[in-house]
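What follows is a short report on a single structure.
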Amino acid sequence: MSPPLLKLGAVLSTMAMISNWMSQTLPSLVGLNTTRLSTPDTLTQISPKEGWQVYSSAQDPDGRCICTVVAPEQNLCSRDAKSRQLRQLLEKVQNMSQSIEVLNLRTQRDFQYVLKMETQMKGLKAKFRQIEDDRKTLMTKHFQELKEKMDELLPLIPVLEQYKTDAKLITQFKEEIRNLSTVLTGIQEEIGAYDYEELHQRVLSLETRLRDCMKKLTCGKLMKITGPITVKTSGTRFGAWMTDPLASEKNNRVWYMDSYTNNKIVREYKSIADFVSGAESRTYNLPFKWAGTNHVVYNGSLYFNKYQSNIIIKYSFDMGRVLAQRSLEYAGFHNVYPYTWGGFSDIDLMADEIGLWAVYATNQNAGNIVISQLNQDTLEVMKSWSTGYPKRSAGESFMICGTLYVTNSHLTGAKVYYSYSTKTSTYEYTDIPFHNQYFHISMLDYNARDRALYAWNNGHQVLFNVTLFHIIKTEDDT
């Protein structure tokens with residue numbers, strides 16, 4: 001389809017959305033509809049008195065962030081029912097007035113474009129008739145191209161007529177909103193400006209508190225895992241793929257490391273789209289072979305376990321060289337304390353909202369999992385936690401907000417079975433299932449920027465969405 005048709009399609013799509021929105025919104029506004037929002041089932045047992053309580057999900061199928069907030073009771077705002085209703089109506093009218101102004105400007109601009117298109121179409125039609133009368137003098141190829149273009153434009157003529165009608169409808173909507181706003185302003189003056197201003201200030205205060213609350217939505221407890229979404233099918237049964245959780249929004253590079261041993265080639269892609277299409281942007285030849293699949297990219301550097309050792313390597317992609325390396329004291333390696341699937345997965349490097357971590361096992365801890373927080377520059381262990389969960393009984397693990405989540409298997413039926421909080425130094429047994437679509441997981445890592453789990457599932461690169469539960473205390477609760 002030609003560029004003018006694409007523009008016209010966007011215009012028509014805009015008008016369709018406007019008409020649909022108006023048909024749903026205006027009746028409820030003019031008729032003062034009292035329909036109330038239903039409360040999600042998952043929040044019916046939550047008491048607003050306990051403070052802000054929020055469910056947050058990584059993203060929906062369209063990639064949008066989902067966040068549901070249950071606010072504390074607001075006794076101060078329930079004093080005057082008439083003022084509250086008036087404020088709600090005025091807010092709706094103000095919002096609609098602003099939206100209508102924007103839509104009106106857009107409509108006028110698009111209407112001028114439509115008129116111009118209509119003139120061009122009529123001129124093209126006349127020209128085509130003239131050429132058709134004398135087509136014997138033209139080459140067959142040029143005639144056919146012109147005829148095909150005209151055939152594309154002809155069906156749009158009745159649509160343009162409908163567009164003119166829709167433009168008039170927008171003008172009518174604008175006038176109705178203006179009239180309604182005048183009526184409500186008069187009612188406000190009769191009730192009294194003091195009550196309204198007081199209520200308005202309370203609404204602004206609540207909005208400010210809500211925004212402060214939303215800023216704290218960086219961490220939470222894992223409640224649910226959904227998916228997976230299969231991004232690509234490539235490589236062997238075992239491997240790793242990842243993005244940098246500290247990268248900017250414009251930086252969506254993907255790194256790909258196939259196999260768990262006898263390899264030191266890292267492939268880089270500029271975006272997920274390039275990764276899917278196989279368009280490599282760069283290849284890195286590491287100075288050492290890696291062990292396992294539990295690598296991580298963090299702040300522009302790759303952290304991996306050097307083959308046949310408990311040495312951790314920090315490799316800078318920008319500089320193309322090793323910046324640091326350090327032995328992880330007492331950590332088992334080379335299939336001494338791997339995950340259930342083996343594959344030299346003794347040392348698992350990961351990152352979350354808090355920083356860089358290493359998960360491994362030692363003889364001193366009887367083969368049970370040890371969690372260590374690492375300095376990202378020097379690789380020194382800043383603090384360690386010893387758990388009671390056997391490393392060999394774990395399918396995979398990942399960190400979210402300082403809590404380690406452990407799966408009970410890498411095969412079908414796997415679920416998150418155990419968690420350990422480094423904040424409280426306590427553990428609990430959980431039951432969070434997830435769909436192991438391709439039956440064998442050899443890599444499962446959390447990305448804090450994407451709020452998603454990256455997984456390598458039997459030669460398939462997949463993503464899982466996570467749902468986190470937050471409890472945020474208000475100032476009154478502290």
Please check if the side chain of Asp346 supplies one atom and the backbone of Asn335 the other of a donor-acceptor pair under 3.5 Å.
-> yes
Above 12 or not: heavy atoms from other molecules or residues under 6.0 Å from NZ of Lys232?
-> yes
Sort out for me which residue in Tyr446, Tyr420, Tyr339 forms a side chain to side chain donor-acceptor pair (under 3.5 Å) with Ser397.
-> Tyr339
Lys/Arg cation over aromatic Tyr360: Lys391, 6.0 Å, 45° cone | no
Go through the steps to decide whether Asp244 and Trp255 satisfy the test side chain to side chain contact (heavy atoms under 4.5 Å, CB included), and finish with yes or no.
-> CA-CA 9 Å; Asp244 189 344; Trp255 291 273; 4.0 Å; yes
Is it true that atom CZ of Arg267 has more than 12 heavy atoms of other residues, nucleotides or ligands lying nearer than 6.0 Å?
-> no
So among Ile229, Thr230, Thr412, Asn458, which one has a side-chain contact (heavy atoms from CB on, under 4.5 Å) with Gln437?
-> Thr230
Any donor and acceptor pair, going by atom type alone, linking the side chain of Asn305 with main-chain N or O of Ile312 inside 3.5 Å?
-> no
Pairwise distance OG(Ser393) to CG(Asn408) - rounded to 0.5 angstrom = 9.5 Å
Tell me, yes or no, whether the heavy-atom count around Phe434 atom CZ, taken from other residues, nucleotides or ligands under 6.0 Å, exceeds 12.
-> yes
Carboxylate-amine/guanidinium proximity below 4.0 Å for Lys314 and Asp377 | yes
Give the intermediate values and the outcome of ring pair (Phe, Tyr, Trp, His ring centres under 6.0 Å) for residues Tyr427 and Tyr389.
-> CA-CA 10 Å; Tyr427 71 91; Tyr389 197 93; 9.4 Å; no
Identify whether the distance between the nearest side-chain nitrogen and carboxylate oxygen of Glu280 and Lys270 falls below 4.0 Å.
-> no
Check each of Leu374, Asp348, Asp352 against Trp357 using the side-chain contact (heavy atoms from CB on, under 4.5 Å) test, and report the only one that passes.
-> Asp352
